[in-house]
Enquirer: 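I'd like to ask some things about the structure below.
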Protein chains: 2
Amino acid sequence: MTSLRDVAERAQVAVSTVSAALNGTRPVAAATKRRIEQAAVDLGYRPNLLARGLQSKRTKILALFYPAPRSGFGVTEMQFATGAAEAASELGYHLLLSPDSADPIEELRHITGLGLVDGVLLMEMRLDDERPDFLSEAGVPFSMIGRTRDPGTIDYADIDFAATAREAVAHVAGLGHRKLAFFNYSTGTYAAQYGPTIRAGEEFAAAAREAGIAYVDDHRAGSAEEGGEAFERLLAAHPDVTALAVMDDHAAVGVIAAVARRGWRIPDDLTLMLVLSSERVAEMFHPRLTALEPPSAELGRLGARMLIDRLRGDGPPQQRLVPCRLVAGDSSAPPRAEV
Amino acid sequence: MTSLRDVAERAQVAVSTVSAALNGTRPVAAATKRRIEQAAVDLGYRPNLLARGLQSKRTKILALFYPAPRSGFGVTEMQFATGAAEAASELGYHLLLSPDSADPIEELRHITGLGLVDGVLLMEMRLDDERPDFLSEAGVPFSMIGRTRDPGTIDYADIDFAATAREAVAHVAGLGHRKLAFFNYSTGTYAAQYGPTIRAGEEFAAAAREAGIAYVDDHRAGSAEEGGEAFERLLAAHPDVTALAVMDDHAAVGVIAAVARRGWRIPDDLTLMLVLSSERVAEMFHPRLTALEPPSAELGRLGARMLIDRLRGDGPPQQRLVPCRLVAGDSSAPPRAEV
DNA sequence: TTGTAAGCGTTATCAG
DNA sequence: CTGATAACGCTTACAA
């Protein structure tokens, strides 16, 4: 482990000069600077992040704080992480993966108390999430992937649920459908005030209203079984529904099975869309489902970038909403002609 | 930020005594110890990891070094990460997510040169992977999720491909099948000497031979299209195949489509299994596919644990093989009665 | 059993 | 423009 001292000796200058030369933190004569840089290269010098951090109070480490997965960590969550790690890496930062055990706040207190991280990236936000309050009070810089009900001036990157819902509604309306149903995530996520659950629910209703098409959404399903049951109930109450948007992949499996049991076919008898699911998953179904794919990796990248901007002291709060991408599959078609 | 000094002042002792009391690194009178602990609690003292690391050369940080995803990061890879993070967390360690950019070795040199991490966790191993050599030479402790062709005495946790293949073969043989086909990952992963590709290929062949059932495996498919084509070719050459094991989820999609085009049904005309895929994914298919689910989270946990053991200086090399779990779906059945 | 003091590798503050 | 020197918060001899 070669240190600043070694470089200083070899370049015949003082340690502080080496530091200055290498960091450009104060003017250094061109000649000396060259000499120092050469020495550093010769010795394969690498600054010690710990020492630097201890002194400067900046570790260049960000913590990605992720709650225990509700229902198995999905591809989406993974992409938050890899996106954030990539962006951080590009900007010279490192990403620490911090699982939250039982008590999120205690865990946050712990991880931020260690002096190890410069800031925290929050994900899996609930509308009434108490983590932002804690971090604000503790004076720890942070940003969110997702957002609380009232994010105030906190930096965040979230899905643009309104635009996403509008696009989904426009898609089915454009095909001629007059009545859309929406299956949200499980009741558990609703109770937890999980952001996407609540916001998607609201925005799909609003978008349908705006577009002037009928809408049903009182179904929440988190498993294939529940999805199938919800679908039966739906048709019993609203036989005129011709299009369905489903948030939970597994619920969609149940819906498809129920459709088949009924002797129906997709898309002839039902237009089915997967909301907040990836193209990769949509392709597993037969027929390939239309999907609204969340910009997960980008949200991760944005979250990391705005946190780093904040750490660098730059400007006003950044709040970004990015819509899902509609990937048309073979599960969308005009409604069957009513007799 | 409250430091050891603050605690020392409040407890009316020297800093070193506080350190000793809190770390149990040398005997401290019970009374003093209690006083110190009380003071620490009162002040909400948290040891500064940077300072500690700087002094002790131990940061309690592990880097999970992951290569750019070959084909989109899957659930499996995510579970390596979360499993490792959890295990690390339980043992008082932290996990740094280190994306490898273009040049893995350079990136490794960088991350290990910073003095930031105590050790490295490697994943996505290729049989001829050069990363282990680099780390060995550099004297950086590490462990692998997966393994090279000849891991020597390096710690690793990998899938037990032999046992997995045996179980798969026994499953279909038990149903009465006499000829099994195997579709591996794409040719690209073969060329890259990607561990699972090579090992699964070999072990399925060996298991079939042992069990005395016929076997075909010269098909590699990494997409739905390729999967469909491979299936057509397979049946053209081996019309007597009644069971098929597929490694790539997307290839399976193509196979299923091809089966349907042919007017066949699963499992009546073909027993289909997904190898190295999760139950969650298998459930998306209709019928629900039989799957051999890799113990991803456990491998991540094991990898982290053995690395930490190594850091603590414990014992002999740890090399663990864990078989996949067979999750029977509705895609397995006895072969159709030949006329 | 406890205190003193010397670092760990940086950065930052001063003089020179 | 450059060189001492004092932190940063902790661990670890060594002394008392």
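Proteins get letters first, then strands, A, B, ... in listed order; numbering begins at 1 in each. Predicted model only: the values in this text are computed from it and were never measured.
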Enquirer: Determine the minimum heavy-atom distance between A:Leu95 and A:Ala85, stating which atoms define it.
Expert: CD1-N, 3.7 Å

Enquirer: Can you list the residues that meet the side chain to side chain donor-acceptor pair (under 3.5 Å) rule with A:Asn48, with sequence neighbours excluded?
Expert: none

Enquirer: For A:Arg301 and A:Glu298, what are the C-alpha separation, side-chain angles and deciding distance, and is it a salt bridge (Lys or Arg N to Asp or Glu O under 4.0 Å)?
Expert: CA-CA 5 Å; A:Arg301 266 193 292 270; A:Glu298 190 183 355; over 6 Å; no

Enquirer: With sequence neighbours excluded, tell me which residues meet side chain to side chain contact (heavy atoms under 4.5 Å, CB included) with B:Val15.
Expert: B:Leu4, B:Arg5, B:Ala8

Enquirer: Using nucleotides 1-3 of chain C, report all nitrogen or oxygen pairs with the protein that are shorter than 3.5 Å.
Expert:
from, atom 1, to, atom 2, distance (Å)
C:dT2, OP1, B:Thr32, OG1, 2.4
C:dT2, OP2, B:Ala29, N, 2.7
C:dT2, OP2, B:Thr32, OG1, 3.2
C:dG3, OP2, B:Ala14, N, 2.8
C:dG3, OP2, B:Thr17, OG1, 2.8
C:dG3, N7, B:Ser16, OG, 3.2
C:dG3, N7, B:Arg26, NH2, 3.2
C:dG3, O6, B:Arg26, NH1, 2.6

Enquirer: List in chain and number order the residues that pass side chain to side chain contact (heavy atoms under 4.5 Å, CB included) with A:Thr148, two or more places apart in sequence or in another chain; answer none if no residue qualifies.
Expert: A:Met125, A:Asp129, A:Pro132, A:Met144, A:Pro151

Enquirer: Please enumerate all residues that pass side chain to side chain donor-acceptor pair (under 3.5 Å) together with A:Gln319, with sequence neighbours excluded.
Expert: none

Enquirer: Check whether any side-chain nitrogen or oxygen of A:Asn23 sits under 4.0 Å from OP1 or OP2 of C:dT11, and answer yes or no.
Expert: yes

Enquirer: Which ones in residues 112-119 of chain B lie close to DNA chain C, meaning a heavy atom under 4.0 Å from one of its atoms?
Expert: none

Enquirer: Which heavy atom in A:Ala192 sits nearest to a heavy atom in A:Arg126, and how many Å separate them?
Expert: O-CD, 3.0 Å

Enquirer: Got a sec, which residues hit side chain to side chain contact (heavy atoms under 4.5 Å, CB included) with A:Ala21, two or more places apart in sequence or on another chain?
Expert: A:Val28, A:Lys33, A:Ile36

Enquirer: Which residues pass the side chain to side chain donor-acceptor pair (under 3.5 Å) test with B:Arg199, not counting sequence neighbours?
Expert: none

Enquirer: Would you mind telling me which residue lines up with the more 5' stretch of DNA chain C, A:Ser56 or B:Leu54, judged by nearest nucleotide?
Expert: B:Leu54

Enquirer: Just to verify, what does A:Asp309 make a salt bridge (charged side-chain N to carboxylate O under 4.0 Å, His left out) with, not counting sequence neighbours?
Expert: none

Enquirer: Can you list the residues that meet the side chain to side chain contact (heavy atoms under 4.5 Å, CB included) rule with B:Arg10, with sequence neighbours excluded?
Expert: B:Ala39, B:Asp42, B:Leu43

Enquirer: Any sub-3.5 Å donor-acceptor pair from A:Thr59's side-chain atoms to A:Gly53's backbone N or O?
Expert: no

Enquirer: Tell me: CD of B:Gln55 to C1' of C:dT10, nearest whole Å?
Expert: 14 Å

Enquirer: For A:Arg46, answer base if it contacts any base atom (sugar-phosphate contacts may also be present), sugar-phosphate if it contacts only those atoms, and nothing otherwise; contact means non-hydrogen atoms under 4.0 Å.
Expert: sugar-phosphate

Enquirer: Just to confirm, is there a sub-4.0 Å distance from OP1 or OP2 of C:dT11 to any side-chain nitrogen or oxygen of A:Lys57?
Expert: no

Enquirer: Taking five pairs at each end of the helix from C:dT1-D:dA16 to C:dG16-D:dC1, what angle separates the two helix axes (nearest 10°)?
Expert: 50°

Enquirer: Where the side chain of B:Arg58 meets the backbone of B:Leu311, is there a donor-acceptor pair that is under 3.5 Å apart?
Expert: yes

Enquirer: Quick one: B:Arg5 CZ to C:dA5 C1', roughly how many Å, whole number?
Expert: 14 Å

Enquirer: Reading DNA chain D 5' to 3', which nucleotide is the first, and which the last, to come under 4.0 Å of any heavy atom in chain B?
Expert: D:dG9 to D:dC14

